[in-house]
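So the structure is just underneath, and the comments pick up after that.
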Amino acid sequence: MIVDLSVPVVSGMPVYPGDPEVEIAPALTVAAEGVNVLGLHLGSQSGTHVDAPYHIDDALPTLDALPLERFLGPAAVLDARGLPPRAPITPAMLAAVAGRLGPGTVLLVATGWDEHWGTPGYLAHPYMEAETARRIVAAGVRTVGVDTLSVDPTPAPADLPAHRVLCGAHAVIAENLRGLGPLLEAQAAGRPIEVSLLPLRLSGADGAPVRAVARIGCHRSEAQPVTEIVQ
């Protein structure tokens, strides 16, 4: 089964406060020019996207300088659902997935906050404490995804503490994921999960939109199912 973890990219969609607004409109049409082509205006951090370390420091690697292995791999999913607005994701919460973490693992944090997408409440999302980020890095993880606007609070402290820790370790951060519930169910059932967060190939970029998807496998004892796509 393939699960789409991305939000739709449409005009007027939510963006981080101060980021470029998203505008999508026909640039060419079949009626006038013989082909349909869209004109796109959006920021590198629009929609479901990844942050490169360069996002927070000119001296850190840009998007195209990172190995492709940073953007895909087996996933561990942390269940952080049920937190109140602006609550911290603490180091103690990592205990539930500690045995799954290591180099090459993609850690996804499911807060359920994607349910608030498109509402003012989306900005009041849970956030990752700096010490939580340090524990993640210490475990060897270099790819972290969240179903919130940011790993830090919104609005964020000037030093962006969780970003600072993760990006300082040359980690990739994926934000504005959605629909992580099926992945939690699959993990609980012992099914393998692989995630792809491959971005647009932008030179010298701080980040880029992605089509984030997860492939949920089956137990070896089970017959191979027909592929199903969940959107």
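This chain uses plain numbering: 1 for the first residue, then up along the sequence.
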Is there a donor-acceptor pair closer than 3.5 Å between any side-chain N or O of Ser6 and the backbone N or O of Thr48? no

Look up atom OG in Ser46 and atom CD in Glu21, then write down how far apart they are to the nearest 0.5 Å. 9.0 Å

Please step through side-chain contact (heavy atoms from CB on, under 4.5 Å) for the pair His170 and Arg70, ending with a clear verdict. CA-CA 9 Å; His170 296 189; Arg70 285 283 195 277; 4.1 Å; yes

OG1-CZ distance between Thr143 and Phe71, expressed to the nearest 0.5 angstrom: 8.0 Å

The residue among Leu42, Leu40, Val50, Val7 that forms side chain to side chain contact (heavy atoms under 4.5 Å, CB included) with Pro209 is Leu42

For Met93 and Ala80 the tightest heavy-atom approach is CE-CB, 3.5 Å

Could you check Leu78 against Leu107 for side-chain contact (heavy atoms from CB on, under 4.5 Å), going step by step and ending with a plain yes or no? CA-CA 7 Å; Leu78 174 62; Leu107 174 62; 4.3 Å; yes

I'd like to know if the side chain of Thr29 pairs up with that of Asn36 as donor and acceptor (distance under 3.5 Å, no hydrogens or angles considered). no

Note, Trp113 side chain near Pro85 side chain (heavy atom, < 4.5 Å): yes

In short, Leu184 meets Ala110 closest at the heavy-atom pair CD1-CB, 3.8 Å

With hydrophobic residues grouped by side-chain heavy-atom distances under 4.5 Å, do Val144 and Leu83 end up in a single group? yes

Given side-chain contact (heavy atoms from CB on, under 4.5 Å), test Leu63 with Arg201 step by step and report yes or no. CA-CA 8 Å; Leu63 188 68; Arg201 190 174 181 177; over 6 Å; no

For the hydrophobic clusters of this structure (ILVMFWY residues joined by side-chain heavy atoms under 4.5 Å, transitively), does one cluster hold both Tyr16 and Leu123? yes

Looking only at side-chain N and O atoms, does Asn176 offer a donor or acceptor that is under 3.5 Å from a partner on Tyr122? yes

If the threshold is 4.0 Å, N to carboxylate O, is there a salt bridge linking Asp4 and Arg211? yes

Which heavy-atom pair separates Gly104 from Pro74 by the least distance, and what is that distance? O-CD, 3.6 Å

Mind checking whether Glu185 and Arg191 have side chains closer than 4.5 Å, heavy atoms only? no

To the nearest 0.5 Å, how far apart are CG in Leu177 and CH2 in Trp117? 10.5 Å

Group every Ile, Leu, Val, Met, Phe, Trp and Tyr by side-chain heavy-atom contacts under 4.5 Å, then state whether Met13 and Leu38 land in the same group. yes

Main-chain N/O of Val151 paired to Glu175 side chain as donor or acceptor, under 3.5 Å: yes

Stepwise side chain to side chain donor-acceptor pair (under 3.5 Å) test for Ser150 and Asp152: CA-CA 5 Å; Ser150 174; Asp152 282 300; 4.8 Å; no

Ala214 and Leu5: which non-hydrogen atoms are nearest, and at how many Å? CB-CD1, 3.9 Å

Does the side chain of Asp79 come within less than 4.5 Å of Val97's, by heavy atoms? no

For a 4.5 angstrom cut-off between non-hydrogen side-chain atoms, does Leu72 reach Val106? no

Side chains of His125 and Thr111: any donor to acceptor distance under 3.5 Å? no

If you look at every heavy atom in Pro91 and Arg135, which pair is closest and at what distance? CB-NH1, 3.5 Å

Check step by step if side-chain contact (heavy atoms from CB on, under 4.5 Å) holds for Thr62 and Asp206. CA-CA 6 Å; Thr62 57; Asp206 59 280; over 6 Å; no

Are Leu68 and Leu198 close enough that some pair of their side-chain heavy atoms sits under 4.5 Å apart? yes

Val15 vs Val22 side-chain heavy atoms within contact, under 4.5 Å: yes

Interatomic distance, NE2@His55 vs NE2@His163, rounded to 0.5 Å, equals 4.5 Å

Any side-chain to backbone donor/acceptor pair from Asp64 onto Gly204? Under 3.5 Å, distance only. yes

Distance (rounded to the nearest 0.5 Å) between Asp147 CG and Leu180 CG: 5.0 Å

Quick one: are Ile136 and Leu94 in side-chain contact, heavy atoms under 4.5 Å? yes

Shortest non-hydrogen pair, Val109 vs Met128, comes out as CG2-CE, 4.2 Å

For the hydrophobic clusters of this structure (ILVMFWY residues joined by side-chain heavy atoms under 4.5 Å, transitively), does one cluster hold both Val141 and Ile173? yes

Give a yes or no answer on whether the side chain of Arg142 reaches the backbone of Leu166 with a donor-acceptor pair at less than 3.5 Å. no

With side chains defined as the heavy atoms from C-beta onward, is the minimum distance between Arg100 and Gln187 less than 4.5 Å? yes

Under 4.5 Å between side-chain heavy atoms, hopping through other hydrophobics if needed: is there a path connecting Leu60 to Leu202? no

Under 3.5 Å, is there a donor-acceptor pair between the side chain of His49 and the main chain of Ala174? no

Is it true that, when you exclude Glu115 itself, more than 12 heavy atoms of the residues, nucleotides or ligands shown sit nearer than 6.0 Å to its CD? no

Quick one: pull up CG in Asp114 and CZ in Arg178 and give me the separation to the nearest 0.5 Å. 8.5 Å

Between Ser11 and Ile24 (side chain of the first, backbone of the second, donor and acceptor by atom type, cut-off under 3.5 Å), is there such a pair? yes

